[in-house]
Asker: 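The structure that follows is given in the form of structure tokens.
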Amino acid sequence: MSRGRRGSRVRALEGGREEEAPPEAAAVPSVLLPSAQQPEKAAEQILLRGIFEIGRDSCDVVLSKRALRWRPIRPERPAGDPKFDLPHEEEFIELKDIFSVKLKRRCSSIHQSGTLLGITLFICLKKEQNKLKDSTFDLINLSEDHCDLWFRQFKKILAGFSNRPKSLKILLNPQSHKREATYIYYEKVEPLLKIAGIKTDITITEYEGHALSLLKECELQGFDGIVCVGGDGFASEVAHALLLRAQKNAGVETDCLLTPVRAQLPLGVIPAGSTNVLAHSLHGVPHVVTATLHIIMGHIQPVDVCTFSTTGKLLRFGFSAMFGFGGRTLALAEKYRWMSPNQRRDFAIIKALAKLKPENCEISFLPLKSSQNLQERRTLESRKCDYGDQWQMIQGQFLNVSIMAIPCLCSVAPRGLAPNTRLSNGSMALIIVRNTSRPEFIKHLKRYASVKNQFNFPFVETYTVEAVKVQQKNNMSEHNPEEENGPHGIAPENSFPWNVDGDLMEVASEVHVRLHPKLICLYGGVMEEMNDSKATCSCL
Ligand SMILES: Nc1ncnc2c1ncn2[C@@H]1O[C@H](COP(=O)(O)OP(=O)(O)OP(=O)(O)O)[C@@H](O)[C@H]1O
């Protein structure tokens, strides 16, 4: 986006002229234009034209349906004098990048509301590495009438962006990471939501599971979206709650859930946790202002979701899961919650590596058949058609099993734990690490931090799948749940730890993971690939 220079000096432009759309703009009836040109022509149709000071220059400013354009006005020049023949490039802002407009006033003892200086536009700028940044742009003119006309026109344009939220339900976990979520919200998020004129209703959660119980019952009618401020565990809890609520509202039974209905409201994720995999995967960067601006601008991304069930019962909705080393590490980390988040993560990884042992499992999976529509498959499945021949099965000793519907970008794996999958490509990555020596396994883990292919080892297999079943075959007497019991020190007997979106899930029997394409909409934009990001993990 091109932008004008922003000046520090304010010079009065008394009573600037303004024009409504000039007659020539409407001279050719749009029906006579070639059809491809019609939308183009309509977007460039002039709505207002007038003079404002922008930076240090008096400018001829033109507002069309698509953009605000301006060009400095120069004094009459003597013909042929090369010194005066410097061209003045037109600059512009696309209207879709504006998220608010205010009248700019200076405090004054004479006028109660202050002396009018002009109009301030609040705009969203694209920065490097997928980051977004808010900025302001001043159009200076001291005429009340002139500014009022333009201000009302900008307001009308902004009201036309119907995809942008006007009212949001905010859920904030004050315990996330280093208890910074409250500070992050009130210092960085709320001021931007206020500028954008978005109404908010905030609940600061008081206990684990509070967001889940609140979203079961609370009135959501007046909200355009939900926003969670916290880490992955919290975001996953809120997404799960929204999806449960959608099933309940639609009267869908959650047991034997083959075709869940979509979440009714989009979800915004403000990263404030110790891991921010979801926000990182969504925005390409775990950046609070970027996440907030995607919400304000109403950028929506449909995202694939998995269901985790056992013996036909739904355990939860989620985006990614790890079993084996990933599950054990989380279970250990939860035991050491008193440590700082980074310390307990590193400590848990080292302890899990020291006690590294394979899981004896049977893994069945349904490879993705791109030729067959997933919906058609589900319909057949619901009619109890036999898929026996299409399921593939592997049995053996596995150090880790990852099942991921999203790429899972994070500080230790900047390209993602599952770089080959996308947010909404209708498939999951199944990554199986067979038993190997500890040094070889560490080599594989270290590869996540580099740009090299972390799967290029003889003991690592990857599959693109739409469903997976994991059945633990370990002799229960070999498993000691006390080693890595749950957050409260109580693990269900003979259960095994799963890491589902950074939350511990203890399950004793077979876990069935199914992919549901585009089941939830998250606030986020389409991101550019980044291959030069630096990993931050000190323990390997
Ligand atoms: N007031 C609260 N007190 C204790 N736990 C809470 C509270 N509110 C929410 N929780 C729970 O805290 C868990 C973890 O929260 P969250 O994911 O925000 O933080 P984190 O553990 O620091 O980050 P990450 O999951 O990214 O590692 C969630 O499962 C959530 O249910």
Side-chain angles (χ1 to χ4, degrees), residues 169-185 189 202-216 218 226-245 267-283 285-288 291 308 315-322 326-349 352 404 406-413 416-417 484 486-489 497-506 522 536-537 539:
K169 173 77 199 162
I170 313 282
L171 295 160
L172 187 154
N173 177 3
Q175 299 298 327
S176 292
H177 194 39
K178 295 178 187 162
R179 302 193 175 139
E180 290 159 338
T182 313
Y183 169 83
I184 286 174
Y185 179 74
V189 181
I202 306 169
T203 299
I204 297 181
T205 54
E206 289 164 16
Y207 51 89
E208 192 176 336
H210 187 173
L212 177 63
S213 51
L214 183 100
L215 286 172
K216 264 188 193 151
C218 78
I226 309 286
V227 172
C228 58
V229 189
D232 283 318
F234 192 54
S236 178
E237 178 186 331
V238 175
H240 168 66
L242 270 177
L243 284 161
L244 271 188
R245 174 79 181 251
L267 171 64
V269 183
I270 304 288
S274 44
T275 61
N276 297 298
V277 166
L278 187 57
H280 203 147
S281 303
L282 201 54
H283 311 306
V285 60
H287 184 241
V288 172
F308 297 87
L315 294 166
R316 60 178 293 163
F317 292 93
F319 300 97
S320 67
M322 281 187 275
R328 286 171 185 277
T329 307
L330 178 68
L332 282 165
E334 287 297 328
K335 264 179 79 177
Y336 298 94
R337 273 241 159 223
W338 50 270
M339 287 187 186
S340 78
N342 291 347
Q343 257 183 345
R344 78 169 174 263
R345 183 193 67 191
D346 291 357
F347 179 77
I349 291 176
M404 296 176 163
I406 62 169
C408 293
L409 272 64
C410 53
S411 58
V412 291
L417 297 173
E484 64 263 315
H488 310 297
W498 282 73
N499 175 341
V500 178
D501 298 332
D503 257 2
L504 194 59
M505 184 176 85
E506 309 268 1
L522 301 182
T536 51
C537 178
C539 65

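Numbering of ligands and ligand atoms starts at 1, following listing order. Reckoned from all heavy atoms, side chains included, excluding hydrogens, waters and symmetry mates.
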Asker: Can you find a heavy atom in the side chain of Val238 that is under 4.5 Å from one in the side chain of Leu215?
Answerer: yes
Asker: With Pro271 as reference, evaluate Leu278, Asn276, Leu282 under the side chain to side chain contact (heavy atoms under 4.5 Å, CB included) test and give the passing residue.
Answerer: Asn276
Asker: With atoms numbered from 1 as shown, which atoms in ligand 1 lie under 4.0 angstrom from a non-hydrogen atom of Gly230?
Answerer: 18 (O)
Asker: Which ligand 1 atoms, with their elements, are less than 4.0 angstrom from a heavy-atom of Gln175?
Answerer: 1 (N), 2 (C), 3 (N), 4 (C)
Asker: What residue and heavy atom of the protein are closest to atom 25 (O) of ligand 1, and at what distance?
Answerer: Gly233 N, 3.0 Å
Asker: For ligand 1, which part of Ile204 has a heavy atom less than 4.0 Å away: the side chain, the backbone, both, or neither?
Answerer: neither
Asker: Specify side chain, backbone, both or neither for Glu237, according to which of its non-hydrogen atoms lie closer than 4.0 Å to ligand 1.
Answerer: side chain
Asker: Consider ligand 1: state whether an atom of it lies below 4.0 angstrom from any non-hydrogen atom of His177.
Answerer: yes
Asker: With heavy atoms of Gly231 as the reference, note each atom of ligand 1 found under 4.0 Å away.
Answerer: 16 (P), 17 (O), 18 (O), 23 (O), 26 (O)
Asker: May I ask you to list the atoms of ligand 1 that are less than 4.0 angstrom from any heavy atom of Gly209?
Answerer: 31 (O)
Asker: Considering non-hydrogen atoms of the protein only, which is the closest contact for atom 5 (N) of ligand 1, and what is the distance?
Answerer: Glu208 N, 3.7 Å
Asker: Who gets closest to atom 24 (P) of ligand 1 by heavy atom: Ser274, Ser176, Pro271?
Answerer: Ser274
